[in-house]
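Scope of the values below: all heavy atoms of this structure, side chains included, with no hydrogens, waters or symmetry mates. Letters go in sequence order (proteins before strands), and every chain restarts at 1.
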Amino acid sequence: MHAVTSQHEPPPAQLRRNLFASMALIRAFETRVAELYRDGDIPGFVHTSLGQEAVAAGVGLALRDEDYLATTHRGHGHCLAKGVDVDGMMGELFARVTGLCRGTGGSMHIADPSHGVIGANAIVGASLPLAVGAGLSSKLLHQDRVAVAFFGEGAVNQGSFHESVNLAAIWDLPVIFVCENNIYAEFTDSRAMTRVPCVADRAAAYGIEAHTLDGNDADVVYAATAAAAERCRAGEGPILLEAETYRWHGHYEGDAQPYKPDDESLAWRDRDPLTIAEARLVHDDTATAEELAAVRADAGARVDAAVEAARAADVPAHEEAFQHVFSR
Amino acid sequence: MHAVTSQHEPPPAQLRRNLFASMALIRAFETRVAELYRDGDIPGFVHTSLGQEAVAAGVGLALRDEDYLATTHRGHGHCLAKGVDVDGMMGELFARVTGLCRGTGGSMHIADPSHGVIGANAIVGASLPLAVGAGLSSKLLHQDRVAVAFFGEGAVNQGSFHESVNLAAIWDLPVIFVCENNIYAEFTDSRAMTRVPCVADRAAAYGIEAHTLDGNDADVVYAATAAAAERCRAGEGPILLEAETYRWHGHYEGDAQPYKPDDESLAWRDRDPLTIAEARLVHDDTATAEELAAVRADAGARVDAAVEAARAADVPAHEEAFQHVFSR
Amino acid sequence: MSSVAEPQTTTRYIDALAQGMRTAMQEDERVVLLGIDVGAGGGIFTVTRGLHEEFGSERVIDTPISEMGYVGAGVGAAMTGLRPIVEIMFMDFVGVCLDPILNQAAKLGYMTAGALQIPIVFRTQTGAGRSAGAQHSQSLEAWFAHVPGLKVVMPATVTDAHDLLVAAVRDPNPVVFIENRRLYGMRGQAGEDPLPLGQARVARSGDEVTVVTWGQSLRECLSAADESSASLEVIDLRSLVPLDMETVIASVRRTGRLLVVHEAVQDFGAGGEIAARVADELFDELRTPVRRIGTPSVPMPFSPELERTLLPGAAAIAAAGEALLAEG
Amino acid sequence: MSSVAEPQTTTRYIDALAQGMRTAMQEDERVVLLGIDVGAGGGIFTVTRGLHEEFGSERVIDTPISEMGYVGAGVGAAMTGLRPIVEIMFMDFVGVCLDPILNQAAKLGYMTAGALQIPIVFRTQTGAGRSAGAQHSQSLEAWFAHVPGLKVVMPATVTDAHDLLVAAVRDPNPVVFIENRRLYGMRGQAGEDPLPLGQARVARSGDEVTVVTWGQSLRECLSAADESSASLEVIDLRSLVPLDMETVIASVRRTGRLLVVHEAVQDFGAGGEIAARVADELFDELRTPVRRIGTPSVPMPFSPELERTLLPGAAAIAAAGEALLAEG
Ligand SMILES: Cc1ncc(C[n+]2csc(CCOP(=O)(O)OP(=O)(O)O)c2C)c(N)n1
Ligand SMILES: Cc1ncc(C[n+]2csc(CCOP(=O)(O)OP(=O)(O)O)c2C)c(N)n1
Ligand SMILES: [Mg+2]
Ligand SMILES: [Mg+2]
């Protein structure tokens with residue numbers, strides 16, 4: 001792993017508790033989704049973000065509700081942390097009318113513009129230009145909104161990364177490029193796909209500031225994002241944050257991950273973002289172990305309720321297939 | 001302009017005379033082509049490389065006949081320096097059957113695989129992946145050939161630049177990326193389209209060696225290319241050369257260039273690559289002024305002959321339109 | 001729009017386009033222009049000349065040569081409150097920026113069950129016949145018409161250049177707006193009264209053969225109507241999506257004969273759709289088979305002679321009309 | 001290939017594809033594979049499993065997520081002596097890598113009057129019906145068939161998966177080779193005897209209605225033939241370019257009725273071309289109008305129920321056949 005630094009103030013106590021709660025919700029959601037998918041309850045492709053909860057929570061909580069967020073095939077956590085409704089998300093995964101997209105989108109395409117989420121994207125690298133456009137809107141409409149593009153380290157090799165970061169740079173747009181470097185892109189160790197040790201180093205080509213962060217420490221991610229958002233709102237242009245983290249599960253649910261060395265997986269499991277947060281919260285008396293266990297239990301119950309609601313909901317009627325092809 | 005260094009040995013005397021002859025041929029060709037286009041003798045779009053002769057000559061003469069070269073809409077000089085036949089080129093610009101492509105390609109699409117030229121390209125940035133592929137062939141077929149991709153500084157903002165340089169880097173391919181930085185992309189000052197002062201700096205994102213060169217000094221370009229080709233043949237992977245130069249004419253013939261400051265144009269005219277070479281050749285007694293004048297006159301005569309031959313040649317017959325859509 | 005010479009005091013197609021953008025920008029502040037050299041340079045074909053001065057660099061935005069990035073940013077901006085007009089300089093360049101059109105703009109409205117609206121106009125131009133070569137001559141409207149969620153508009157007259165452009169900007173959906181550069185200098189009546197998209201126009205009445213066309217081929221069809229001994233009714237479709245089949249069917253019901261003409265390659269072109277629909281719906285009423293005239297399946301050659309060989313012209317259209325009449 | 005259960009000892013479509021690549025790689029050293037995770041990972045659908053072990057990493061090459069770069073490099077490699085098979089993981093991803101196919105591979109042979117040959121296979125797959133969402137479900141074969149210079153092949157049987165792939169690699173031209181992932185598990189007769197491209201196959205004889213189809217729709221058509229009270233003659237086109245109209249015409253001449261079926265969107269799809277040609281050529285012989293069945297103009301929704309609503313299935317095909325018979 002690359003040297004990691006954080007030059008920012010840690011977040012205050014309540015916020016740290018909220019970060020934990022957000023991670024707990026994502027953990028519960030993704031754990032449950034993995035089971036549901038295994039059991040054939042959810043159709044399509046599913047990519048979970050287990051192990052990466054700190055990035056989602058740290059970024060999501062540092063943003064305002066009206067800030068924009070464009071995400072990827074691995075976007076459940078990002079949406080949850082941004083405040084998107086759990087029932088709406090679960091309903092969407094179940095392809096029910098209660099889903100945020102009424103069943104037309106699915107896991108890879110969850111969107112909720114009412115919370116600034118302008119879409120999850122199944123095209124690697126496509127989130128970046130969209131976020132640049134959202135940043136352009138914010139700037140030209142004088143809206144003080146920040147736009148975040150999430151993407152993986154694999155997406156950095158797409159031309160759209162290059163073009164988008166450069167555009168945001170020359171136009172001084174309020175865009176935060178958040179690269180979740182979980183080392184793998186599908187079955188490929190991304191370190192073999194570049195000669196450069198970390199993604200943040202590649203930002204130099206665009207003349208923008210970039211930081212490599214411990215992506216399993218929500219406090220660190222939060223602080224860096226909050227600082228970046230402030231910069232953006234001050235009109236100082238884009239910034240790139242590389243969050244080093246790890247994908248616990250396979251690329252998609254069902255992938256047995258033969259390509260990962262065991263010791264690597266184990267070492268990262270030891271760096272569970274929830275455990276890290278938990279230990280620190282308890283250690284500095286911000287919360288008790290019991291309180292945190294209750295938070296986890298609440299999250300589980302919340303997700304259970306969402307699953308029940310989704311199961312009970314209707315599937316879309318035949319005619320819905322033909323709606324919304326065009327707006328009127 | 002950016003600081004320019006050359007750490008290579010200057011080329012020997014005969015080679016320097018050849019570099020001058022190559023530049024003289026390009027100068028004569030492009031000057032004549034500009035006139036012919038103005039007079040309506042050549043159809044389509046024409047982009048000349050007047051002022052940039054030293055890059056073409058320096059690169060072209062440092063390569064072997066079998067080395068590959070992929071070029072751009074502004075590629076006449078590159079082809080000439082690589083040894084492509086003047087009659088075939090002029091015939092192509094006139095859309096005659098004597099043209100290298102029998103009139104199907106034209107100025108933007110001159111190609112001559114028999115000299116390694118795998119095509120001029122009217123899509124900005126498209127030369128790079130093609131050269132990467134040629135480098136891949138050379139490597140896998142153990143051919144010891146080098147592949148050169150020419151492109152402008154404007155093309156650096158295309159995703160294909162990013163993807164191609166990275167591919168060549170991770171696969172250690174024998175590819176020389178030659179960026180002709182003539183400051184402008186069409187009517188746009190490219191310095192406004194990046195925050196980074198020079199293209200060579202952007203190569204750091206791929207972990208490859210890069211040099212910024214005085215692109216109006218053919219000796220410098222030659223030496224750098226020869227060294228790069230040697231590296232490539234030794235299996236040490238790709239390299240990027242940024243040749244700083246200037247486009248004397250408009251983006252296309254006919255463009256009045258209102259966007260260029262007069263003093264800038266004048267300053268670069270003072271740095272005429274032929275004059276630079278001439279002065280040095282005469283100064284160190286490698287050639288006399290008379291000899292060099294004769295070289296220029298010969299070049300002019302060669303081009304005149306090509307024009308006459310092209311004028312006299314047939315246009316392709318109707319049926320030729322339908323040939324070569326597929327190979328058999 | 002007839003082939004009779006127009007008075008020189010009327011407007012040029014190119015000015016009507018500029019006026020269309022001006023109208024749209026005046027009536028809605030959220031309309032912005034993005035593209036390569038659309039700003040200070042006024043556009044490579046001078047289409048946007050004057051708009052930068054009038055509306056400033058916040059609304060008329062020069063981009064780097066990063067089509068994937070800026071077209072995608074346009075889509076992101078359209079989702080978040082702007083109404084961008086994004087220029088893709090040549091239609092052939094969609095090869096480097098298709099994803100934002102195909103997978104983002106066309107689908108995100110549907111995939112979010114209407115939560116996202118994407119009011120964007122992709123302005124581009126096509127047009128063979130001036131030796132621009134195979135990479136600068138393609139008419140690909142059929143591709144876009146085949147993608148659910150995109151509207152596809154091709155103005156064939158000066159009036160429509162203005163009116164359809166304004167209508168496209170007012171439309172809340174993504175519109176691919178395809179100009180033809182061979183029409184840029186054409187003079188005609190200035191438009192002012194935009195209709196909603198999707199209404200074909202009987203450009204010339206006749207009663208023996210219906211000729212359906214769009215874009216620059218309209219001129220050829222009108223000339224053919226002048227020349228032909230058959231009485232041709234010429235219909236300008238104006239848009240492929242929405243497709244006004246009613247006007248077509250009504251005409252063919254009267255004439256009993258149909259010829260579909262387009263500049264695009266005939267094989268698997270949009271003409272097949274029109275032909276198939278009419279041959280189906282009017283099976284019992286057609287006097288003769290539906291015929292199509294398009295470019296043969298050949299990349300467009302540079303040679304002016306070969307290009308003329310391939311492009312559908314007035315004489316061939318007139319002859320085809322007469323042949324149909326002779327058939328039955 | 002009929003809908004009757006096949007013995008489990010026969011080969012799967014996916015293995016036939018692998019065997020096709022193996023055959024091609026064994027018979028010609030210049031054949032190499034390029035794509036995301038095609039190597040050590042064996043392909044996201046396991047299509048290339050085993051090939052990396054067998055042929056090594058010089059011939060089975062894992063790429064970064066840089067489609068524009070590696071597809072373009074494949075084209076460059078094809079021009080310079082290799083015969084690459086380049087995988088584009090989902091057909092939808094052509095949005096990020098179309099230029100090398102559209103503007104390079106399809107045109108450079110023609111534009112060089114045959115001096116360059118480009119023997120490359122673009123392997124890709126499509127196939128809706130498994131809730132992959134709108135960005136992972138598109139069938140865009142009509143696009144490629146509309147581009148002169150590309151061959152377009154769609155194997156519908158296990159035998160053809162092998163044979164057409166080998167034939168595609170042997171062909172000296174660029175071939176877009178479109179698999180359907182819903183066929184991957186299908187069992188059938190292993191192929192071994194490649195025919196040249198361009199020969200349609202009567203998959204099932206009948207004498208009342210000709211049904212022309214390709215790709216996975218063949219299965220639906222064969223089931224429809226089983227179910228339908230009309231006698232359907234089912235023709236598998238196998239390739240759109242070259243297009244074997246003779247087989248189609250011969251059949252329709254006998255039956256007097258034609259139904260064209262494809263999974264792609266019906267509007268402006270390839271079915272229009274077939275329908276238009278037959279309606280023209282057999283104007284006097286058709287008993288009923290030519291009908292088409294494709295997907296309605298809607299982005300493919302995630303919901304399994306909505307997806308089923310849209311995709312052409314055996315029941316609808318059987319009914320359409322019967323309706324034609326009832327009509328005349
Ligand atoms: C343009 C494109 N190419 C390939 C894919 C297939 N694909 C989906 S996810 C993925 C890996 C992405 O890796 P990374 O960006 O690191 O994200 P992660 O999955 O690790 O979160 C690939 C190759 C795709 N969806 N889009
Ligand atoms: C993909 C694409 N976008 C835009 C263009 C239009 N275009 C042709 S040349 C050019 C400028 C290229 O600038 P640069 O790369 O610096 O090369 P130069 O002309 O200076 O040699 C542009 C924008 C194109 N041909 N292809
Ligand atoms: Mg990753
Ligand atoms: Mg330039």
Side-chain angles (χ1 to χ4, degrees), chain C residues 68 92-104 106-111 133-135 138 140 142-149 240-241 243 260 264-265 267-284 286 288-292 295-299 301-302, chain D residues 68 92-104 106-111 133-135 138 140 142-149 240-241 243 260 264-265 267-284 286 288-292 295-299 301-302:
Chain C
M68 184 73 89
D92 315 71
F93 304 167
V94 296
V96 302
C97 58
L98 201 62
D99 185 72
I101 309 174
L102 170 70
N103 286 321
Q104 312 303 329
K107 297 182 173 45
L108 279 163
Y110 183 82
M111 285 198 294
Q135 293 175 341
Q138 293 165 92
L140 299 169
W143 282 18
F144 296 100
H146 189 42
V147 178
L240 287 177
V241 183
L243 179 59
V260 188
V265 166
D267 287 356
F268 302 93
E273 180 69 26
I274 321 283
R277 289 206 197 187
V278 172
D280 178 355
E281 278 194 55
L282 300 183
F283 185 70
D284 294 321
L286 281 171
T288 56
V290 178
R291 291 275 149 73
R292 294 174 291 154
T295 296
S297 263
V298 167
F302 166 67
Chain D
M68 185 73 90
D92 315 70
F93 304 167
V94 296
V96 303
C97 58
L98 201 62
D99 186 72
I101 309 174
L102 170 70
N103 287 320
Q104 312 303 331
K107 296 181 173 46
L108 279 163
Y110 183 83
M111 286 199 294
Q135 293 176 341
Q138 294 166 92
L140 299 170
W143 283 18
F144 297 99
H146 189 43
V147 178
L240 288 177
V241 183
L243 179 58
V260 187
V265 165
D267 287 355
F268 301 93
E273 180 69 25
I274 321 281
R277 289 204 196 187
V278 172
D280 177 355
E281 280 195 55
L282 300 182
F283 185 72
D284 296 319
L286 280 171
T288 56
V290 178
R291 290 276 150 71
R292 293 175 292 153
T295 296
S297 264
V298 167
F302 166 67

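- Neither the backbone nor the side chain of Thr295(C) has a heavy atom closer than 4.5 Å to any heavy atom of chain D.
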Assess the residue pair His146(C) and His146(D) against the criterion (side-chain contact (heavy atoms from CB on, under 4.5 Å)); give the C-alpha distance rounded to whole Å, side-chain angles, the decisive distance to 0.1 Å, and a yes or no. CA-CA 12 Å; His146(C) 189 42; His146(D) 189 43; over 6 Å; no

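- Pro100(C) and Cys97(C) make their closest contact through CD-O, 3.4 Å (heavy atoms, listed as atom of the first residue, atom of the second, distance).
- Here the closest heavy-atom approach between residue Asp280(D) and residue Pro289(C) is recorded as OD1-CB, 3.5 Å.
- Using a 4.5 Å cut-off between heavy atoms, Val147(D) touches chain C through its side chain atoms alone.
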Could you walk me through whether Asp99(C) and Gln135(D) satisfy the side-chain contact (heavy atoms from CB on, under 4.5 Å) test, starting with their C-alpha distance in whole Å, then the side-chain angles of each, then the deciding distance to 0.1 Å, before giving a yes or no? CA-CA 10 Å; Asp99(C) 185 72; Gln135(D) 293 176 341; over 6 Å; no

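- Remark: side-chain polar atoms of Asp92(C) are not paired, donor with acceptor, to backbone N or O of Asn103(D) under 3.5 angstrom.
- Phe93(D) CZ to Leu98(D) CG: the interatomic distance, rounded to the nearest 0.5 Å, is 14.5 Å.
- Options Val96(C), Val241(C), Val260(C) differ in how many heavy-atom pairs under 4.5 Å they form with chain D, and the most are formed by Val96(C).
- When heavy atoms are compared at a cutoff of 4.5 Å, Leu282(D) does not approach chain C at all.
- For the set Ala142(D), Pro148(D), Gly272(D), Gly133(D), the entry with the most heavy-atom pairs within less than 4.5 Å of chain C is Pro148(D).
- Per-residue counts of heavy-atom pairs under 4.5 Å with chain D were compared for Ala275(C), Ala270(C), Ala145(C), Gly149(C); the largest is that of Ala145(C).
- Under the 30°/60° scheme for interplanar angles, the aromatic rings of Trp143(D) and Phe144(C) are found to be tilted.
- Counting only heavy atoms from C-beta outward, the side chains of Leu240(C) and Glu273(C) never approach each other to under 4.5 Å.
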Stepwise side-chain contact (heavy atoms from CB on, under 4.5 Å) test for Lys107(C) and Leu102(C): CA-CA 7 Å; Lys107(C) 297 182 173 45; Leu102(C) 170 70; 4.1 Å; yes

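- Contacts between Arg292(D) and chain C at a heavy-atom distance below 4.5 Å involve the side chain alone, from C-beta outward.
- Using a 4.5 Å cut-off between heavy atoms, Ile101(D) does not touch chain C at all.
- Among the candidates Pro296(D), Ala106(D), Gly269(D), Gly271(D), the residue making the largest number of heavy-atom pairs closer than 4.5 Å to chain C is Gly269(D).
- Within the 4.5 angstrom heavy-atom criterion, atoms from both the backbone and the side chain of Val265(D) approach chain C.
- Taking chain D as the reference chain and counting heavy-atom pairs below 4.5 Å, the highest number among Arg291(C), Glu281(C), Met111(C), Met68(C) is found for Arg291(C).
- With a threshold of 4.5 angstrom between heavy atoms, Val290(C) approaches chain D through N, CA, C or O but not through any side-chain atom.
- Only the side chain of Gln138(D) comes within less than 4.5 Å of a heavy atom in chain C; its backbone stays farther off.
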